[in-house]
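I have placed the structure first, in the form of structure tokens, so that the comments after it can refer back to it.
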Amino acid sequence: MKKIIAVIFCLLLALGIVLGLPELFDNKTIEADFINEVSLVDQKVIEYLDDEVTYSKIYNKGRLIGVVSDYDYLLSLIKDKYNDYKDDFPDTELGLGEDTYVVNEKSNICFENVDDKIFAYLVDNSLLGIKTTAVEFSTDNGVYEIIYVKSSDDFYAAIDDFLLNFISEESLTKIRNNETISNPEDYGVVETGISILESITTKEAIVSPDNILVDKKEIYEFLCYGRNSDRQYYTTVEGDTLQGVGYYFGDMSPKQIVMLNPDVLASPDQVITPGMTLNVTYYTSPITVVVTKENLSQETTYPEAPLYIQDEELDAGISETLVEEETGLKNTLYEETWVNGVLEQGKLKSETVVKEPVQGVISIGTHYVNLIGTGNFQWPVDNPGITCLYMCRANHTGIDIVNEYETYCNIYAADSGVVSEVGYLSDMGYYIYVDHQNGFTTIYMHLNEQYVEVGQSVVRGQLIAQMGNTGRSYGVHLHFTIEYEGERMDPCEFLPCSIVS
């Protein structure tokens, strides 16, 4: 009996499984599909319908917000919400914002009506947007920037203002009207063209009011600096000018400084007063404005190096100018390329000679006159004072002389003769040897400048150098030495040292 009951129970259980499980399995599959896409708004399944109906599913950035039961009702709520914005954004409408979209799907699931909750979620998370104008900036590589503007008219007005940072209004008008622009007739600059390297296009978009540039001022600020929020400010002091301030901060013109400070400055000619706070941030614009200009100017031209002619009748070291050197003039026309106000390139377009330069002609003396000294030496400096006598220390084979009243004073040849050596050594500094053609040689050391050259004849008392402090020297002075037949002599044997301090 127990076996029969067990068999009957198993048969009934099997029959229940066969008849009931497929429906249960199908329902669970549908519910599983819905559960796999969890909505951001809590929403339940009410029942399963025999026939499929079309639902509107609202997403934001790929995540399901919820399933709308009556899409027209949701649209009416959004339309009413526009009343909160119409004063700031008239003549437009409110809609689903950027990254929020609707997908229509068919299903036999009946969902809980949470349309009011979905609308509240859209409002609370700023997912509704104003229908406005999107401005896209692009290159050949695609769109690199998008802004949203309340008015396209404001955008184009801001573009015009921004371009006026780099070109005059008169030139901009002529270029846009395709008027012929002639080469400059007078010295100066003519603006010949302007372009924006990037492409700018507009289209309709719906975005959050917080992301919309609402007036020309905000758009202009973006055109100047893009997303860069860093600003540099300067407080004026006594004596400041707009030209000086602009030059110091990025070489901006007074006009550009005015356009960056419309609330403070009215004109490039305005006199600025101490204490004014000015925006002096140079442009970091997301667009590239290229202006071409033609610049007519006059330049100085220089002749070739002078022509030197040897003259045997002139003493060596003496020269005479036969033809005076003269510079010339030419008019040059350059085509310049300016990028966002910075000169990037200048190309010579033409040039006209106004005055040819004149090459100088100089006669150089080659006749050597071997002046012979008298053996009577004069002091090589004026107002002499001796700071170190002959052999005042070991190996000091000369005397150190200064001018009592002038530090870097003139040095003169102590006697007539011929310059035999001019040079520099680490111990002597700059030096001069004068051979007096009578066995005597005088040496002048630690010089600052030398005014003679080898082979030049000099007479006693002729200026030959300037006193200095070169080489191994303890201060500005002249180390003066006399040699006879190659042997160092005490200069005080030939000069009245006793009467000199």
Side-chain angles (χ1 to χ4, degrees), residues 139-140 156 158-200 220 223-224 241-260 265 267-270 280 282-307 323-361:
T139 64
D140 291 341
Y156 291 115
I159 279 281
D160 283 350
D161 280 357
F162 183 67
L163 295 181
L164 292 178
N165 283 290
F166 313 112
I167 193 171
S168 67
E169 187 171 5
E170 179 184 1
S171 296
L172 182 61
T173 301
K174 286 183 177 180
I175 292 168
R176 285 183 170 170
N177 292 337
N178 294 319
E179 296 181 29
T180 302
I181 300 177
S182 303
N183 292 338
E185 297 179 358
D186 298 323
Y187 299 125
V189 177
V190 171
E191 297 157 328
T192 58
I194 186 169
S195 63
I196 298 174
L197 293 187
E198 297 79 14
S199 297
I200 301 176
Y220 178 79
L223 293 173
C224 289
T241 64
L242 284 182
Q243 185 175 19
V245 172
Y247 175 80
Y248 187 79
F249 293 98
D251 200 14
M252 289 185 285
S253 69
K255 182 179 75 172
Q256 290 172 328
I257 294 291
V258 170
M259 297 190 76
L260 291 177
L265 301 172
S267 165
D269 300 323
Q270 180 174 339
V280 291
Y282 198 79
Y283 307 100
T284 55
S285 177
I287 61 176
T288 309
V289 179
V290 178
V291 175
T292 54
K293 304 179 183 181
E294 290 190 350
N295 187 348
L296 179 63
S297 60
Q298 189 169 86
E299 296 182 4
T300 300
T301 59
Y302 297 92
E304 296 181 18
L307 178 64
V323 178
E324 195 73 37
E325 181 179 84
E326 294 181 16
T327 58
L329 295 171
K330 65 178 180 180
N331 291 339
T332 55
L333 182 63
Y334 279 91
E335 188 174 66
E336 299 176 344
T337 301
W338 294 72
V339 179
N340 282 2
V342 178
L343 179 61
E344 292 287 334
Q345 182 181 6
K347 181 180 179 182
L348 181 63
K349 190 173 181 180
S350 65
E351 62 181 11
T352 304
V353 175
V354 176
K355 177 181 177 294
E356 292 282 2
V358 177
Q359 183 183 27
V361 180

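Throughout, residue positions are numbered sequentially from 1 according to the sequence presented.
Not one N or O on the side chain of E294 forms a donor-acceptor pair closer than 3.5 Å with the backbone of T192. The backbone N or O of E351 lies less than 3.5 Å from no partner atom in the side chain of T332, so there is not a single donor-acceptor pair. For K355 (side chain) and T327 (main-chain N/O), a donor-acceptor pair under 3.5 Å exists by modelled atom type.
Annotation: the span from T241 atom OG1 to D269 atom CG amounts to 12.0 Å, rounded to 0.5 Å. Here I175 contributes atom CD1 and S168 contributes atom OG; the two are 8.0 Å apart, rounded to the nearest 0.5 Å. Note that CD1 of I196 is 9.5 Å distant from CG of N340, once rounded to the nearest 0.5 Å. Remark: W338 CH2 to E344 CD distance equals 10.0 Å, nearest 0.5 Å. Considering OH of Y334 and OG of S350, their distance stands at 10.0 Å, rounded to 0.5 Å. Of the inter-residue distances, the one linking S297 atom OG with K330 atom NZ reads 9.5 Å to the nearest 0.5 angstrom.
Side-chain contact between P303 and V358 is absent, with no heavy-atom pair separated by less than 4.5 Å. Looking at C224 and L260, their side chains come closer than 4.5 Å, going by heavy atoms from C-beta outward. Taking the side chain as every heavy atom from C-beta outward, T301 and L329 never approach each other to under 4.5 Å. I200 has its side chain within reach of I159: a pair of non-hydrogen atoms, C-beta onward, lies under 4.5 Å apart. In this structure the side chain of N295 never reaches within 4.5 angstrom of the side chain of K293, judged on heavy atoms.
More than 12 heavy atoms of other residues, nucleotides or ligands shown are found within 6.0 angstrom of CD on Q298. No more than 12 heavy atoms of other residues, nucleotides or ligands lie within 6.0 Å of NZ in K174, so this atom counts as exposed by the packing criterion. Atom CD of E170 sits in a sparse spot, with 12 or fewer heavy atoms from other residues, nucleotides or ligands closer than 6.0 Å. Applying the 6.0 Å contact sphere to CD of E169 captures no more than 12 heavy atoms from other residues, nucleotides or ligands.
Taking all atoms of both residues into account, the shortest heavy-atom contact from D161 to M259 is O-CE, 2.8 Å. When all heavy atoms are compared, the tightest approach of I167 to I194 is CG2-CD1, 3.6 Å.
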Does the pair Y282 and V342 meet the rule for a side-chain contact (heavy atoms from CB on, under 4.5 Å), with working shown? CA-CA 11 Å; Y282 198 79; V342 178; 3.8 Å; yes

L223 vs Y283, side-chain contact (heavy atoms from CB on, under 4.5 Å): CA-CA, chis, key distance, verdict: CA-CA 9 Å; L223 293 173; Y283 307 100; over 6 Å; no

Give the C-alpha distance, both sets of side-chain angles, the deciding distance and a yes or no for side-chain contact (heavy atoms from CB on, under 4.5 Å) between F162 and Y220. CA-CA 7 Å; F162 183 67; Y220 178 79; 4.1 Å; yes

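There is a side-chain donor-acceptor pair under 3.5 Å between T288 and E198.
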